[in-house]
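Have a look at the structure below, then the notes.
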Number of protein chains: 2
Amino acid sequence: MAQLPTVSDVARLAGVSRQTVSNVLNSPAIVLPDTRGRVEAAIDELGYRPHASARRLRTRTSSTIGIRLDPETNGISGTVLDRYLHALTEKAAERGLRMMLFTARDHHDEVDQFRALRDGADVDAVILTATSFRDDRIDWLVEHDMPFVTFGRPWGSDFNDPAVPWVDVDGFAGTSQATRHLLGRGHRRIGYLGWPDDWGIGKERRDGWATAMAEAGIAGDELADLSWRTDDGVPNARQIIERLLADEAGVEALVCVSDSLALGAMMAVREAGHPHFPVIGFDNSAVARAVGLSSVDQRLDQVAAASLQILFGDGSRVVPIDEADAATRHSLIEPRLVVRRSSHLAPVEEEAGSTRTGNHNRKE
Amino acid sequence: MAQLPTVSDVARLAGVSRQTVSNVLNSPAIVLPDTRGRVEAAIDELGYRPHASARRLRTRTSSTIGIRLDPETNGISGTVLDRYLHALTEKAAERGLRMMLFTARDHHDEVDQFRALRDGADVDAVILTATSFRDDRIDWLVEHDMPFVTFGRPWGSDFNDPAVPWVDVDGFAGTSQATRHLLGRGHRRIGYLGWPDDWGIGKERRDGWATAMAEAGIAGDELADLSWRTDDGVPNARQIIERLLADEAGVEALVCVSDSLALGAMMAVREAGHPHFPVIGFDNSAVARAVGLSSVDQRLDQVAAASLQILFGDGSRVVPIDEADAATRHSLIEPRLVVRRSSHLAPVEEEAGSTRTGNHNRKE
DNA sequence: CTCACCGGTTTGATCGATCAAATAACGAGA
DNA sequence: TCTCGTTATTTGATCGATCAAACCGGTGAG
């Protein structure tokens, strides 16, 4: 097979110089229309494709974004990261960007990877997920001014610092939406099943429920009696619900901090003979869709789009921090409640299109 | 900030030539130990990192593997691809390889991406998933001898063709394992809930059940009466099971082609008041783990390892097709049944470690 | 005594693109 | 007519690494 065509080959065929070919590709506006036409014809004829690595070497940009992907996905909601990745890949492709994956044992190792990726011009920016309280990776990235954005607010730091750009989903809005939906359907004693945490996401989601309840006039001790805490996981939810049903606590409906807990709750109430006891989850995971569980959707496509907007503005070149508008460096996405059977007293139709799900290996 | 150090800087500091530095990095064996020591010291002192793009330009290799990732994950089992990706990323990292993602609208577009990725030396090889019957992408890859491996057998082609390397999971073995497990626990009338397909994976998994049943002396009409077909999806399974229970068909246990169907079946039997009716699924998805559903695990880490083995042998450079041993171009992985509560008559303990699952944003 | 060959190292060319500066072509204004 | 400015295009250098060939002192065979 012959050598791959290069800019020189195209130039020769079109009767112009290399640089003109380069201009046609990178700044077509400055090339005379008919020259441009000749060059484009030559490109087509030869089937020329720019050599990405050569361009990277020269320009020191890669049009690639790095993101860490760890071995095990944990739990039903662990797939949030995966869905975010899918959305990112798609939105990135629309801008001519690509995603590159890497793994790391710990934060320190991850920082090493950052360095290698940056020094090798492998990535223009990285996306940080699973941010922890006072995350040291963030400090490193800021200090070495490597472009990045985090999915998840930098808990423990200043949310308004433009040097630490982030995108996140408004958990407060999510659970209050869910709660108001149930209030709107006439329920009053709406319980909340959440994590034990008293900070961050766990607290925020609980606050969303509490606030919506307060608006409906339920507060104080009555509210406190409707709140449960447990670690994530289907069996944990089952236990609590079974106890709760036995106690005849008078709970009419349930908002849960995650789909895992919601699924456990849903199974428990149904098996106890309450097929229409309303339950709402959080994450809108595949399971929620599959079993007809109402759930708060994180709108990961919007999260992905916002992530790229912060990093690249409207184009596909990284926006330098000093040129960025401080107001555009953070984005809190409003989630959306997806209503399904599980939150309706009367059975309703399945959401359209949810019945046929495919196996990855099946014929299209 | 100063320029990044290059091989020349290292060479100057170590008092050797550029090429020697290059040799230390790429074929350390041919460099005299003490020269190598000096060079390594210089590398450390300067914090030198090779510039990946420069290397790619020169060598036309990238140590990167491409894989297509589509926008939507469909269904509970759609996460199989994600888990494969996680495993790949990890196993690749062990060999110094990285994964790069791309999307495509259709097969034709995907082939275009292959071309761009190859021509730009962006990837050394690609991994094909969701292979279809007589897949035209495979033809293109073979014709343009671009290294690749498929996850999923090339249905409709010659499975033994060394030009079409593949890794897959033995569905037959999976369902027969599941069936034998139930037989071993004393059940005889074990039903099978599968897809309507009469080819490929769907057929193979059904055959696994049928064969195991035949070994136990159940065949012919009796066997046929125990087999159901439906499209994937929780509600579909529910419907069938509800009918089946109403008919008093005398089914004692159920093997399902997927976790979606198994989950639907499990929920239906429990809500009908049969908490210990044994159900086994396929894929060992997060949901299965969460709800205590026995399921056939695809061992995606082994699939990933086998994929890389085929492409890269024991190293991290692509094995040319003509040097490859035809016998090592295909790999059928034996899946493993993970037994949980759902397949036991008497309730047993939850699998250890499965109760606490995390949200991607939570504190570590 | 010549010469091929050895391991270890150096030198110059090269991969394919873009950058920066130089050049050519052409028209407007003095 | 000559200069100046603008626009379109060309030329040479460069990014950071590896490749291919040359080099070098030393050995052993013919």
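So that the names make sense, note that chain A is the first sequence line, chain B the second, and so on, each numbered from 1.
- Between Ser22(A) and dT18(C) there is a side-chain polar atom (N or O) within less than 4.0 angstrom of OP1 or OP2.
- How far CG of Leu88(B) is from CG of Leu300(B): 9.0 Å, rounded to the nearest 0.5 Å.
- Annotation: proximity of residues 28-41 of chain A to DNA chain C (heavy atom, distance under 4.0 Å) is found for no residue.
- Distance NE2 (His51(A)) to C1' (dC15(D)): 14 Å, rounded to an integer number of Å.
- One interatomic measurement links the two molecules: CG of Leu57(A) to C1' of dT14(C), which rounds to 12 Å at whole-angstrom precision.
- Contact check on Asp122(B) versus Arg98(A) returns a salt bridge, with a Lys/Arg side-chain nitrogen under 4.0 Å from an Asp/Glu carboxylate oxygen.
- Distance, Asp119(A) CG to dA17(D) C1': 15 Å, rounded to whole Å.
- The nearest whole Å value for the distance from the CZ atom in Arg56(B) to the C1' atom in dA17(C) is 15 Å.
- Taking side-chain N and O atoms only, Thr6(A) has no distance below 4.0 Å to OP1 or OP2 of dG16(C).
- With hydrogens and angles ignored, no donor-acceptor pair under 3.5 angstrom links the side chain of Arg18(A) to the base of dT10(D).
- What separates CG of Leu4(A) from C1' of dC15(C) is a distance of 12 Å, to the nearest Å.
- At a threshold of 4.5 Å between non-hydrogen side-chain atoms, the residues Thr131(A) and Pro154(A) do not count as touching.
- Salt bridge annotation for Arg118(A)-Asp124(A): absent, with no cationic side-chain nitrogen under 4.0 angstrom from a carboxylate oxygen.
- Ranked by how close their nearest DNA chain D nucleotide is to the 5' end, Gln19(B) and Thr20(A) are led by Thr20(A).
- Of the possible polar contacts, one joining the Trp166(B) side chain to the Phe159(B) backbone as a donor-acceptor pair under 3.5 Å is found.
- Between Asn23(B) and dG8(C), a side-chain N or O to OP1/OP2 separation shorter than 4.0 Å is absent.
- A salt bridge between Arg134(A) and Asp136(A) is absent, with no side-chain N of the basic residue lying under 4.0 Å from a carboxylate O of the acidic one.
- Atom CZ of Arg58(A) and atom C1' of dA13(D) are 8 Å apart (whole Å).
- For Gln302(B), the side-chain contact (heavy atoms from CB on, under 4.5 Å) criterion is met by Arg299(B), Ile333(B), not counting sequence neighbours.
- Residue Arg55(A) places at least one side-chain N or O under 4.0 Å from the OP1 or OP2 atom of dT18(C).
- Distance from the side chain of Ser17(B) is smallest for dT11(C) among the nucleotides dA17(C), dA17(D), dT11(C).
- The CZ-P distance, from Arg12(A) to dA17(C), rounds to 12 Å in whole Å.
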